[in-house]
Amino acid sequence: MVRLTLDLIAKNVTHKNHSDEDSGQYLQKITHLNLSNKNIDTIGGLSFCKNLRVLYLYDNQISQIQNLDFASNITHLYLQNNHISSIENLSSLKKLEKLYLGGNYITVVEGLDKIGELRELHIESQHLPLGEKLVFDPVTLRSLAVTKEPVNFKNEDVSSETAFSVSQRKKQCPLKQNKERTKRLHYSDLKVVLNNWTKLRRMDLRGNPVCQTPKYRDSIIVESQTL
């Protein structure tokens, strides 16, 4: 395995060697760093990169998010397709806007309420134990419900209530039953939608059991203040 060190960083950045500038001074200036697919298993050696904005660490062997305390200026962090099982040590990333964690081993989404600028979370395709679903910590769930962009996850990996809650800013709800969608919605599910999606304007429910309920359209419209 490979540990992320200053030597590894130096080999993967374009550095026009100036006589009056050493490698440490140069590392303080870089804003983008691509270290994807380098077989890295441990994050370290980045403390010199004070002005780093975008960090690519996807397709590695990283098992723990760590040693990012220096990274107060990072806005985009790419950690998909690693071996990460816990979302941790991100509280110092106050400017983080986009976090990519798809394809890891995360079972609980937590600790993201401390990231005030987060706009997008990509948490799809986790390697979950058989029969288990992705769990969202209630505090994190409330913070994600008002993100400016949708949270990206696979519908089959979360409960209906969770999926609805993290998407409350949506204005359209395409829940038409089709061959690819195995989850069938009942009226109890829809109450969660209507209570959380406060900006909802349109809803497509064709093919779901709720459509067999007499006057279901009237009931839903009465329940909602926006449809």
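The structure presented is a predicted model; accordingly, all values stated were derived computationally and were not measured.
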Engineer: When rounded to the nearest 0.5 angstrom, what is the spacing between OG in Ser63 and CD1 in Ile40?
Structural biologist: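 The CD1 atom of Ile40 is 12.5 Å from OG of Ser63, to the nearest 0.5 Å.
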Engineer: Identify the heavy atoms of Leu112 and Thr140 that sit nearest to each other, and give their distance.
Structural biologist: N-OG1, 3.3 Å
Engineer: Begin from the C-alpha positions of Gln66 and Thr42 and carry the test side chain to side chain contact (heavy atoms under 4.5 Å, CB included) through to its verdict.
Structural biologist: CA-CA 8 Å; Gln66 60 182 347; Thr42 304; 3.2 Å; yes
Engineer: Indicate if Tyr100 and Leu55 have the same hydrophobic cluster label, given that clusters are the connected sets of ILVMFWY residues with side-chain heavy-atom separations under 4.5 angstrom.
Structural biologist: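 No, it is not one cluster - the side chains of Tyr100 and Leu55 are not joined through contacts under 4.5 Å.
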Engineer: Main chain of Leu101, side chain of Asn104: is a donor-acceptor contact present, judged purely on distance under 3.5 Å?
Structural biologist: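 Yes, because the side chain of Asn104 sits within donor-acceptor range (under 3.5 Å) of the backbone of Leu101.
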Engineer: When you measure from the side chain of Arg119 to the backbone of Glu117, do you find a donor-acceptor pair of N or O atoms at a distance under 3.5 Å?
Structural biologist: no
Engineer: In Å, rounded to the nearest 0.5 Å, how long is the span from OH of Tyr56 to CG of Leu79?
Structural biologist: 12.5 Å
Engineer: Please check if the side chain of Asn82 supplies one atom and the backbone of Ile65 the other of a donor-acceptor pair under 3.5 Å.
Structural biologist: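 Absent.
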Engineer: Side chain to side chain contact (heavy atoms under 4.5 Å, CB included) between Val135 and Thr107: does it pass, once the steps are laid out?
Structural biologist: CA-CA 6 Å; Val135 175; Thr107 57; over 6 Å; no
Engineer: Minimum heavy-atom separation for Ser92 and Asp69, please, with both atom names.
Structural biologist: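 Taking every non-hydrogen atom into account, OG-CA, 3.4 Å.
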Engineer: Treat each ILVMFWY residue as a node, draw an edge where side-chain heavy atoms are under 4.5 Å apart, and state whether Phe70 and Leu35 are in one component.
Structural biologist: yes
Engineer: Can you tell me how far NZ of Lys94 sits from CD1 of Ile74, rounded to the nearest 0.5 angstrom?
Structural biologist: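 Separation between the atoms: 14.0 Å.
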Engineer: Indicate yes or no for a side-chain donor-acceptor contact from Asn39 to the backbone of Val2 under 3.5 Å, with no hydrogens or angles considered.
Structural biologist: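 Pair absent, no side-chain N/O of Asn39 close to backbone of Val2.
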Engineer: Report the distance from atom CG of Leu93 to atom OG of Ser72, rounding to the nearest 0.5 Å.
Structural biologist: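 Reported value, rounded in 0.5 Å steps: 8.0 Å.
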Engineer: Would you call the rings of Tyr78 and Tyr58 parallel, tilted or perpendicular, taking 30° and 60° as the class edges?
Structural biologist: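 Taking Tyr58 first and then Tyr78, their aromatic rings stand perpendicular (interplane angle over 60°).
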Engineer: Could you go through Asn89 and Leu68, starting from their C-alpha distance and side-chain angles, then the distance that decides it, and tell me whether this counts as side chain to side chain contact (heavy atoms under 4.5 Å, CB included)?
Structural biologist: CA-CA 7 Å; Asn89 301 321; Leu68 292 176; over 6 Å; no
Engineer: Can you see which heavy atom on Arg53 is nearest to which on Asn51, and at what distance?
Structural biologist: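 Arg53 and Asn51 have their closest heavy atoms at NH1-O, 2.6 Å.
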Engineer: With rounding to the nearest 0.5 Å, note down the distance linking CD in Gln64 to OG in Ser85.
Structural biologist: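 Going from the CD atom of Gln64 to the OG atom of Ser85 covers 8.5 Å.
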Engineer: When hydrophobic residues are tied together by side-chain contacts of less than 4.5 Å, even through go-betweens, does Val54 share a cluster with Phe48?
Structural biologist: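 Different clusters: Val54 never reaches Phe48 through Ile, Leu, Val, Met, Phe, Trp or Tyr contacts under 4.5 Å.
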Engineer: I need the minimum non-hydrogen distance between Leu134 and Val108, along with the two atoms involved.
Structural biologist: CD1-N, 4.4 Å
Engineer: Using a 3.5 Å distance criterion without hydrogens, assess whether the side chain of Asp41 forms a donor-acceptor pair with backbone atoms of Gln61.
Structural biologist: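 It does not hold such a pair.
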Engineer: Output the distance between atom CG (Asn73) and atom CG (Leu52), rounded to the nearest 0.5 Å.
Structural biologist: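 Separation between the atoms: 8.5 Å.
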Engineer: Locate the shortest heavy-atom distance separating Ile106 from Gln126; write the atom from each residue and the value.
Structural biologist: N-OE1, 2.9 Å
Engineer: Quick one, Glu97 with His76, criterion side chain to side chain contact (heavy atoms under 4.5 Å, CB included). Give me CA distance, side-chain angles, the key distance, then yes/no.
Structural biologist: CA-CA 6 Å; Glu97 298 178 2; His76 295 58; 4.2 Å; yes
